[in-house]
Amino acid sequence: MLTNVTLGQYFPGASVAHRLDPRTKLGMSFAYIMVLFIATSWLSYSVLGLASLLVVWLSQVPVKMVLRGLRPILMILSLTVVLHVFTSREGVELVSLWFVRIYSGGVRQGFLLAFRLVLLVLSTSVLTLTTSPIALTDALEVALRPLRRFGVPAHELAMMMTIALRFIPTLLEEAEKIMKAQLARGADFESGGLLKRAKSLLPLLIPLFISAFRRADELAMAMEARCYRGGEGRTKYKILKYSSLDAYAVASFVVISAVALAL
Amino acid sequence: MKISTRELLYGALLTAISLLIPLAFRGWLQIVIPPFSATLGSHVAVMLAMFVSPLVAAAVGVGSTIGFFVTLTPVIAARASIHIVFGVLGALLYRRGAKPWQVFVITAPVHALGEALVVIPFGFPLYAALITVGVGTLLHHVVDATIALSLYFSLRKAGLSLNPPHAPR
């Protein structure tokens, strides 16, 4: 009943994309998303699309894995295209059949938005496929650091993410144990409609949450006993370092983005 | 803004559960009405975080956003980012003395509208965003709020306080 959980989609490797510093990859991904939202022409999107393909090739991640990220949005993609094609009244009339009228503006807009979404998912997929969740969390801590001035607990947020990612397999194991115990007591998780199934969640969730809160209490006590005092003065086992590869990657990204936006 | 170790851990484990439920139960408790999709129970963790503190509610919202960004698609991460808003709002209401059910009722429209609006930049047509995602999220919120309320009372019955004492820093 519980599906196999793959945490993150990290695909281990030693490609150029894997060797880049996670902070560089994260920064470039956000900048790429912004460029995608600013760009409006097909030419710009073609340049960005080619750049994405180049990055996928450089990452040495099997294309099948990269494309897997597109599966959950296939329905959204088709709906975006269909709704724009059939509802927009912009541009030249291309088809007029009984009450169906298709205009060039709708076709253009539908496919453009769908392509933007594909590129968006593709870029984030490459980021998560080539960066481990822990490295990404470290990068996020650095990204959030400037917000500390405004009282945002950057270290604590990153620490929370690290602990959360670490505890997902443990909690999953716990959930499976509870589920088996409840099944042995006659609980029925599979039959009935959605509401009945939601109701059947309670015998699973109550012990799961109780054990999670007890575990949190124990862990807090253990951390305080080891003098955990938050982020101030805390050192890192793995220190992130920029290399010349990061400089080349940023320079190439700036050139490609400038060309795409100029077109 | 200081966060105690206990709050940090509560936040971490609630974040883990908020990521675990949609990832592990998606085949079993998933509702798909294209383009809307949701997993029943996925808001329970952030709803319980409201009763811990506003900071923990925000942290669980941020954690689930980051987690979904890392594990799933940016559209789902964007929808999860609304949990920060409704989580903090709910936590502030609870602090001001609102009853748990009142918290869930007041935050429902904010949650639904937020998730509907956040998907528009991703190319969702207005109709699909407001009707399918908005109404779908509202119904999903009601079901999850019912589960969260049952959990809230069960946890209290089990002697677990959701308001951890602030540890000395």
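All chains are named by letter (A, B, ...) in the order of the sequence lines, taking the proteins before the strands, and each is independently numbered beginning at 1. Worth saying up front: this structure is predicted, and the values here are computed from it rather than measured.
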*Go through B/V44 and A/F209 one step at a time and tell me if the side chain to side chain contact (heavy atoms under 4.5 Å, CB included) criterion holds.*
CA-CA 10 Å; B/V44 171; A/F209 273 89; 3.8 Å; yes
Reported [atom1]-to-[atom2] distance for the pair [X] and [Y], which is rounded to 0.5 angstrom:
{"X": "A/E156", "Y": "B/E7", "atom1": "CD", "atom2": "CD", "result": "10.5 Å"}
{"X": "A/M161", "Y": "B/L19", "atom1": "CE", "atom2": "CG", "result": "5.5 Å"}
{"X": "A/E224", "Y": "B/T5", "atom1": "CD", "atom2": "OG1", "result": "4.0 Å"}

Let me check something: any side-chain donor-acceptor pairs from residues 105-112 of chain B under 3.5 Å, sequence neighbours excluded? List them with distances.
| unit_1 | atom_1 | unit_2 | atom_2 | d |
| --- | --- | --- | --- | --- |
| B/T107 | OG1 | B/V103 | O | 2.8 |
| B/T107 | OG1 | B/F104 | O | 3.3 |
| B/H111 | ND1 | B/H141 | ND1 | 2.9 |
| B/H111 | NE2 | B/H43 | NE2 | 3.4 |
| B/H111 | NE2 | B/E115 | OE2 | 2.8 |

*asked:* If you count heavy atoms of other groups shown closer than 6.0 angstrom to CZ of A/R145, is the number above 12?
replied: yes
*Around atom CD of B/Q102, are there more than 12 heavy atoms of other residues, nucleotides or ligands at under 6.0 Å?*
yes
*Identify which one of A/M160, A/R214, A/R215 satisfies the side-chain contact (heavy atoms from CB on, under 4.5 Å) criterion when paired with B/L13.*
A/R215
*If you tally heavy-atom pairs under 4.5 Å against chain B, which of A/I206, A/L208, A/I163 wins?*
A/I206
*Are B/I21 and A/L205 close enough that some pair of their side-chain heavy atoms sits under 4.5 Å apart?*
yes
*With a 4.5 Å heavy-atom cut-off, do A/F213 and B/L14 have their side chains touching?*
yes
*Could you pull out all residues at least two apart from A/L112 that satisfy side chain to side chain contact (heavy atoms under 4.5 Å, CB included)?*
A/W42, A/Y45, A/R108
*Which atoms of A/I210 come close to chain B, meaning under 4.5 Å heavy atom to heavy atom: side chain ones, backbone ones, both, or neither?*
both
*Measure A/R148 against the heavy atoms of chain B and call it side chain, backbone, both or neither at under 4.5 Å.*
neither
*Please name the pair of heavy atoms, one in B/L9 and one in A/A220, separated by the smallest distance, quoted to 0.1 Å.*
CG-N, 3.9 Å
*At their closest point, which heavy atom of A/A164 faces which heavy atom of B/A16, and how far apart are they?*
O-CB, 3.5 Å
_Checking B/L8 against A/Y228 for the side chain to side chain contact (heavy atoms under 4.5 Å, CB included) test, could you report, in this order, the C-alpha distance in whole Å, the side-chain angles of both residues, the deciding distance, and whether it holds?_
CA-CA 12 Å; B/L8 191 148; A/Y228 175 74; 3.7 Å; yes
